[in-house]
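For reference, the structure discussed in these notes is given below.
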Amino acid sequence: MSLIKHSIYNLAGFVIPTLVAIPSLGILARTLGTESFGLFTLAFAVVGYASIFDAGLTRAVIREISIFREDLQERKNIISTATITVAILGLFAAILIFLSVGEIAGFLNVSNDLTSNFEKSFKLLSIAVPVFLVNQIWLASLEGMERFANINIQRTITSSALAILPAIFAYYNHTLYSAILGLVIGRIASLTISFFFAQKFIVSAGIRFNYKTLRRLIMFGGWITISNIISPIMVYFDRFVISHVLGANKVAFYTAPSEAVARLLNIPAALSRALFPKLSSNSLASDKNKLEKLSFYLMLGACLPIVIVGFVFANTIMTVWMGSAYAGEPATILRILLIGFIFNALAQIPFSKIQAAGYAKITATLHMCELVPYLIALYYLTNHFSLIGTAIAWTLRVSLDFFALYILSRKKYVSR
């Protein structure tokens, strides 16, 4: 079945980068020291949070390209209009970060001896934002056409570069700035390779801006934007809360196990990326139900054994990977996050089903309802139970999110 084949293609695109990232993160942790390594992981979070500036267009492009796959002219309008829009928004975001580095350093409680290097590093990081956003649009166009083999060749090369370049730069010059420089170069390389794979489509689309196409993209993407504003808060804000409440020197002890779980989330992402365009283009309810059922079996079969192994050998994994400083509490955090991981993985299926049906409003509304209770729980548990409390807050949130999404995906107007 093509769902399985495309999922395997997607997963293959994550395997090699993950194998590269594991030792690379270990090198970064040892060469940068705990505080600089924690700030480096926050740099990843900043770029990830920049997805709010794509106005939901990345997800909208996948859906629209899938729907208009037989209409070449409209596909050209989609890719060109979306590229121009996110490039402008990305430049605005880059300027905003560049001008706010002093305030960001203060909020994160960066140590005085690292403040200068931090500010210089995050000014450099701002360059990566528009590059990242445009790259997401070009990859989305390939994804909408289900060209998963091309996507995953690109992902294998570029994700490996994003993992290894910061480690190489930091190995020879043990500073946060060097690691960020490697990250920015990796982002630029990623955009270049994406252009190579999609150049025929991008060049033929030309520079055109179609207001009708943009309006249609925004109508779907507008609700995605709300999710894109809220989701990164719920995904990344735990790290910022730790830095603000406990100090930047504590961030690494949480982000190390959190990064391990983030790498594992590539597994459900591989399946959901294959599932979304299929659900978007399929109009038969019976076929959608079969795809959904198969997806749950695949997800559990792929994720549950990993969770069991990780739970049992958490302490060994953390010390071998990151060093002896990460024994004890970080291993406990890993176990707690792994429980959340299995629920987060399963949640990808009803999430894709709801959005493929065109009801992005539902997922956005759910995220809005989750946001305030999660932030209250996150702050309270971090303040009272330190890093363990942060992990508990995240796991509780993703578990409840799965059950809510599953119930909402059963509604008749979604399932038909």
Side-chain angles (χ1 to χ4, degrees), residues 18 21-30 32-42 44-45 108-109 233-268 300 302-347 373-403:
T18 299
I22 290 170
S24 296
L25 287 171
I27 292 169
L28 283 166
R30 288 169 171 83
L32 293 180
T34 55
E35 183 169 1
S36 289
F37 177 67
L39 292 171
F40 175 76
T41 61
L42 289 177
F44 264 103
L108 296 178
N109 272 332
I233 293 176
M234 294 192 287
V235 172
Y236 297 118
F237 205 65
D238 48 5
R239 307 176 183 200
F240 293 99
V241 168
I242 290 167
S243 188
H244 180 68
V245 173
L246 305 177
N249 60 337
K250 297 289 186 182
V251 176
F253 296 115
Y254 177 83
T255 56
S258 181
E259 279 296 317
V261 172
R263 301 291 168 180
L264 291 178
L265 285 171
N266 288 330
I267 298 171
L300 281 171
C303 296
L304 196 56
I306 296 172
V307 170
I308 294 170
V309 171
F311 201 90
V312 173
F313 298 102
N315 203 62
T316 303
I317 291 169
M318 291 307 302
T319 53
V320 171
W321 179 32
M322 305 300 288
S324 58
Y326 291 82
E329 187 180 40
T332 303
I333 292 168
L334 177 59
R335 291 188 180 98
I336 296 169
L337 295 179
L338 283 171
I339 296 170
F341 160 72
I342 197 71
F343 287 103
N344 201 359
L346 293 173
Y374 171 64
L375 292 180
I376 293 172
L378 177 62
Y379 185 83
Y380 177 84
L381 291 171
T382 301
N383 203 33
H384 286 79
F385 302 100
S386 191
L387 301 179
I388 299 294
T390 309
I392 291 172
W394 183 84
T395 293
L396 284 174
R397 198 270 303 172
V398 295
S399 300
L400 293 173
D401 184 62
F402 162 69
F403 289 113

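Sequence positions, counted from 1, serve as the residue numbers for this chain.
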Intermediate values then yes/no, side-chain contact (heavy atoms from CB on, under 4.5 Å), Phe403 and Leu346: CA-CA 9 Å; Phe403 289 113; Leu346 293 173; over 6 Å; no
Trace of the side-chain contact (heavy atoms from CB on, under 4.5 Å) decision for Ile392 with Phe385: CA-CA 9 Å; Ile392 291 172; Phe385 302 100; 5.9 Å; no
Criterion side-chain contact (heavy atoms from CB on, under 4.5 Å) on Leu338 and Leu264, from CA distance to verdict: CA-CA 9 Å; Leu338 283 171; Leu264 291 178; 3.7 Å; yes
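Atom CD1 of residue Ile336 and atom CG of residue Leu396 lie 10.0 Å apart, to the nearest 0.5 angstrom. Separating the CG atom in Leu25 from the CD1 atom in Ile27 is a distance of 9.5 Å, to the nearest 0.5 Å. Here the CD1 atom belonging to Ile333 is positioned 9.5 Å from the OG1 atom belonging to Thr255, to the nearest 0.5 angstrom. For the atom pair Leu39 CG and Asn249 CG, the distance stands at 9.5 Å (nearest 0.5 Å). Atoms OG and CG, on Ser36 and Leu28 in that order, are 10.5 Å from each other to the nearest 0.5 Å. In this structure, Thr41 OG1 and Leu32 CG are separated by 10.5 Å, a value rounded to the nearest 0.5 Å.
Scanning all heavy atoms of the two residues, the minimum distance from Ala260 to Leu334 falls at CB-CD1, 4.2 Å. In this structure, Phe341 and Trp394 approach most closely via the heavy-atom pair N-CZ3, 3.9 Å. Minimum interatomic distance between Ala252 and Pro257 (heavy atoms only, all atoms of both residues): O-CD, 4.5 Å. When all heavy atoms are compared, the tightest approach of Thr395 to Gly340 is CG2-N, 3.5 Å. In plain terms, the two heavy atoms of Leu387 and Glu329 that are nearest each other are CD1-OE1, 3.7 Å.
Looking at heavy atoms from C-beta onward, Leu337 lies in side-chain contact with Ser258 at the 4.5 angstrom threshold. Val241 has its side chain out of reach of Thr390: every pair of non-hydrogen atoms, C-beta onward, lies at least 4.5 Å apart.
Around atom CZ of Phe240, more than 12 heavy atoms belonging to other residues, nucleotides or ligands sit under 6.0 Å away.
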Identify each donor-acceptor pair in which a side-chain atom of residues 305-323 lies under 3.5 Å from a protein atom, sequence neighbours left out, and give them as a table.
{"from": "Asn315", "atom 1": "OD1", "to": "Gly328", "atom 2": "N", "distance (Å)": "3.0"}
{"from": "Thr319", "atom 1": "OG1", "to": "Asn315", "atom 2": "O", "distance (Å)": "3.0"}
{"from": "Thr319", "atom 1": "OG1", "to": "Thr316", "atom 2": "O", "distance (Å)": "3.2"}
{"from": "Trp321", "atom 1": "NE1", "to": "Ile22", "atom 2": "O", "distance (Å)": "2.4"}

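Taking the ring centroids of His384 and Tyr380, they lie under the 6.0 Å cut-off. Between Tyr374 and Phe237, the ring centre distance reaches or exceeds 6.0 Å.
Thr382 places no side-chain N or O within 3.5 Å of a backbone atom of Tyr379 that could act as its donor or acceptor partner. Not a single donor-acceptor pair under 3.5 Å links the side chain of Arg397 to the backbone N or O of Ala393.
Between Arg239 and Glu259 there is a salt bridge, since at least one side-chain N of the basic residue sits less than 4.0 Å from a carboxylate O of the acidic one.
Between Tyr326 and Phe37, the angle of the ring planes goes over 60°, which puts this pair in the perpendicular group of the 30/60° scheme.
For Ser243, there are no side chain to side chain donor-acceptor pair (under 3.5 Å) partners at least two apart in sequence or on another chain.
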